[in-house]
Protein chains: 2
Amino acid sequence: MNDVAAAAGVALKTVSRVVNDEPGVNPATAEKVRGAIEALGFRRNDGARTLRRGHTSSIGVIVRDLADPFYSTLTRAVEEVALTHGFLVFTGSCDESASRQRELALAFCARRVDGIIIVPVGDDQRYLEPEIHAGVAAVFVDRPATNIDADSVLVDNVGGVRKGIEHLLARGHRRIGYIGDAPEIFTAGERVRGYRETLTAAGHLIDPSLIAMASPSRQGIRAALERMLLSSPSPATALFTGNSRITVTVLRELAELEASGQGLERRPALVSFDDFDLADLLTPGVTVIAQDPARIGRTAAELLFRRMEGGNLSPVRRELPTRLIPRGSGEALP
Amino acid sequence: MNDVAAAAGVALKTVSRVVNDEPGVNPATAEKVRGAIEALGFRRNDGARTLRRGHTSSIGVIVRDLADPFYSTLTRAVEEVALTHGFLVFTGSCDESASRQRELALAFCARRVDGIIIVPVGDDQRYLEPEIHAGVAAVFVDRPATNIDADSVLVDNVGGVRKGIEHLLARGHRRIGYIGDAPEIFTAGERVRGYRETLTAAGHLIDPSLIAMASPSRQGIRAALERMLLSSPSPATALFTGNSRITVTVLRELAELEASGQGLERRPALVSFDDFDLADLLTPGVTVIAQDPARIGRTAAELLFRRMEGGNLSPVRRELPTRLIPRGSGEALP
DNA sequence: CTGAAAGCGCTTACAG
DNA sequence: CTGAAAGCGCTTACAG
């Protein structure tokens with residue numbers, strides 16, 4: 001910018017005015033400056049600008065895994081809102097590693113992002129307190145933060161599962177197996193709670209042998225299926241799966257079980273938490289409790305921008321609804 | 001940092017030394033400084049650091065759509081490599097809008113990213129020339145850049161299609177329909193070229209009525225299917241689909257066509273360019289020519305870091321292989 | 001082992 | 001309408 005000023009024979013400040021379209025510059029002077037900009041190939045350094053202005057017009061997004069369609073759809077929606085405000089977005093995946101999440105979050109804060117959207121991992125987000133205190137806006141998504149008071153956007157997990165279980169109960173199922181993710185994960189805990197509460201409210205007993213909770217591995221799910229469907233004296237006639245990764249693994253294992261002729265006479269009814277691509281094209285189509293990841297992302301981004309715009313708002317907790325989409329698998333009778 | 005220095009009673013430079021773990025600081029002094037850092041909740045401003053040092057340790061990634069599994073998997077792989085080098089990554093989606101891509105790319109450059117990975121849209125990337133000249137490393141992915149000489153990572157589209165078509169020819173198919181994306185898109189053009197070349201090399205004539213190229217809409221694909229499969233005097237016995245979005249739409253339309261009883265007696269054989277989730281769980285499983293998006297991303301990131309590390313390398317063009325995965329749909333006989 | 005000065009490339013606050 | 005000075009928060013280059 002200095003070089004441009006020298007080349008145009010004006011002061012630095014005048015170049016700044018032209019570059020930023022500030023009013024009150026003589027058109028002829030402005031033209032001279034633009035000529036110099038062109039000739040030198042000048043491009044404003046937004047890093048320097050940022051340093052002086054005190055905000056960076058950038059936000060960070062930290063998810064479990066950007067390659068997972070749920071998170072990538074969410075992130076894309078955040079991008080969209082950010083673009084509207086002229087903000088750029090950093091992204092980072094941390095899987096289920098709390099330490100990696102922390103490193104990413106602090107790295108984003110060191111770059112002085114104005115805000116951060118984060119799917120919290122681990123049981124303590126207190127490390128973000130100084131950052132938030134220093135002015136970084138934070139919105140927690142999909143799971144609430146622990147030990148820290150901040151905006152969050154959650155899904156009505158309990159209500160979603162309730163819809164699915166009631167759907168199965170209404171069709172006469174009484175032996176409904178539940179296969180969920182590791183119980184440390186907030187959503188996994190909420191969802192299995194929805195299962196228990198719905199059965200109890202309907203006057204049924206909980207049979208622990210019909211519940212399996214673990215990170216989804218083929219062997220673990222295979223074992224759970226064999227226990228619930230084959231070796232039980234009164235096998236499950238229906239399954240509820242706690243997320244789409246589990247659903248897909250269950251479908252693969254069911255197909256193998258059927259092919260292996262191990263005595264699975266009828267495919268159990270199935271309702272899945274989470275919608276997924278091609279669920280409608282399978283035979284039968286998979287009935288799901290759909291979340292809306294784009295809406296989750298949009299809502300989080302809107303909360304974030306509201307908070308960045310200032311004011312002393314008290315933390316907000318939004319809970320988004322789910323939708324049951326019947327496609328066949330959840331309508332099978334016992 | 002100034003405040004820390006004052007609180008610790010040392011010079012700014014000493015604080016800088018402690019913060020950056022530079023050697024040659026008296027342990028007692030260092031301890032005093034660390035105490036002040038703790039007390040004041042000091043966190044280094046990486047923006048200022050960046051301004052002084054001349055590089056930002058960040059890169060930008062621009063894809064068509066982060067919500068698309070192909071691009072999100074690619075981006076996740078880039079993230080992984082970046083993390084290894086201690087770099088942060090900006091992401092942006094531009095769909096097929098060249099102007100939005102340009103804005104994003106220039107915004108990243110204004111933030112002085114050290115490098116940029118980009119799936120080019122539009123027919124001219126010359127606008128990036130000054131940026132590259134100014135030192136931004138650039139790697140083009142999935143499609144080559146136009147009017148600019150830079151590293152690129154492509155896929156062997158022609159070879160991939162050849163494998164698929166030969167697979168169908170070997171099973172006796174002679175009427176093979178091709179449904180591809182808009183021909184302006186580089187990969188779409190390459191793939192249909194692979195189709196033509198393979199048929200010609202095998203001594204067959206090209207029948208234009210068996211080729212449909214357009215952005216995938218349900219109606220367009222429905223019309224193409226009706227033309228190729230129903231109203232033709234000698235209908236296609238096999239289809240090759242140019243990408244997974246098209247494949248999925250074709251599958252939906254085939255299912256509807258079958259259900260509607262419009263005279264589709266047998267489902268044609270099908271080979272798809274691009275693998276996709278659940279392709280193995282459909283009935284029949286979908287035979288695909290698989291790309292490896294994670295490998296594409298990793299390769300691009302490695303090229304980028306190689307280039308950022310300097311040297312005066314001439315532009316490299318990598319072409320990654322594809323893999324045919326037979327799953328049933330491509331093995332059906334005419 | 002420690003520090004004073006200059007400078008990265010901008011914007012802010014002010015003066016003319 | 002234009003500009004000179006100070007400063008954002010660091011690191012570089014140098015001196016002691």
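Below, chain A is the first sequence line, B the second, and so on; all start at residue 1. We use all heavy atoms of the structure for the numbers below, so side chains are in, but hydrogens, waters and symmetry mates are not.
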Could you go through residues 112-121 of chain B and list every donor-acceptor pair under 3.5 Å that involves a side-chain atom there, pairing it with any protein atom two or more places apart or in another chain?
| residue | atom | partner | partner atom | Å |
| --- | --- | --- | --- | --- |
| R112(B) | NH1 | C109(B) | O | 3.2 |
| R112(B) | NH2 | R43(A) | O | 2.9 |
| D114(B) | OD1 | T56(B) | N | 3.1 |
| D114(B) | OD2 | T56(B) | N | 3.3 |
| D114(B) | OD2 | S57(B) | N | 2.6 |

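- Nearest heavy atom pair, residue L104(A) against residue C94(A), reads CD1-CB, 4.2 Å.
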Original post:
Taking it one step at a time, do L51(A) and N45(B) satisfy side chain to side chain contact (heavy atoms under 4.5 Å, CB included)?
Top reply: CA-CA 9 Å; L51(A) 176 60; N45(B) 182 328; 4.2 Å; yes
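- The nearest pair of heavy atoms linking A105(B) to L128(B) is CB-CD2, 4.3 Å.
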**OP:** Assign a letter to each nucleotide of nucleotides 3-12 of chain C from its 5' end: B, base within under 4.0 Å of a protein heavy atom; S, sugar-phosphate only; -, no contact.
**Re:** BB-BBBBBBB
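- Sorted by first and then second residue, the salt bridge (charged side-chain N to carboxylate O under 4.0 Å, His left out) pairs involving residues 304-313 of chain A (not counting sequence neighbours) are D151(A)-R307(A).
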Original post:
Under a cut-off of 3.5 Å for both distances of each Watson-Crick or G-U pair, what dot-bracket string does DNA chain C give, using [ ] for crossing pairs and | for inter-strand pairs?
Top reply: |||.||||||||.|||
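- E31(B) places its CD atom 13 Å from the P atom of dT2(C), with the value rounded to the nearest Å.
- Here side chain to side chain donor-acceptor pair (under 3.5 Å) pairs that include residues 291-301 of chain B, with residues two or more places apart or in two chains, are D274(B)-Q291(B).
- In terms of heavy atoms, T91(B) sits closest to T75(B) at CG2-CG2, 3.7 Å.
- For the side chain to side chain donor-acceptor pair (under 3.5 Å) condition, the pairs that include at least one residue of residues 99-109 of chain A, sequence neighbours left out, are S97(A)-S99(A), R100(A)-E80(B).
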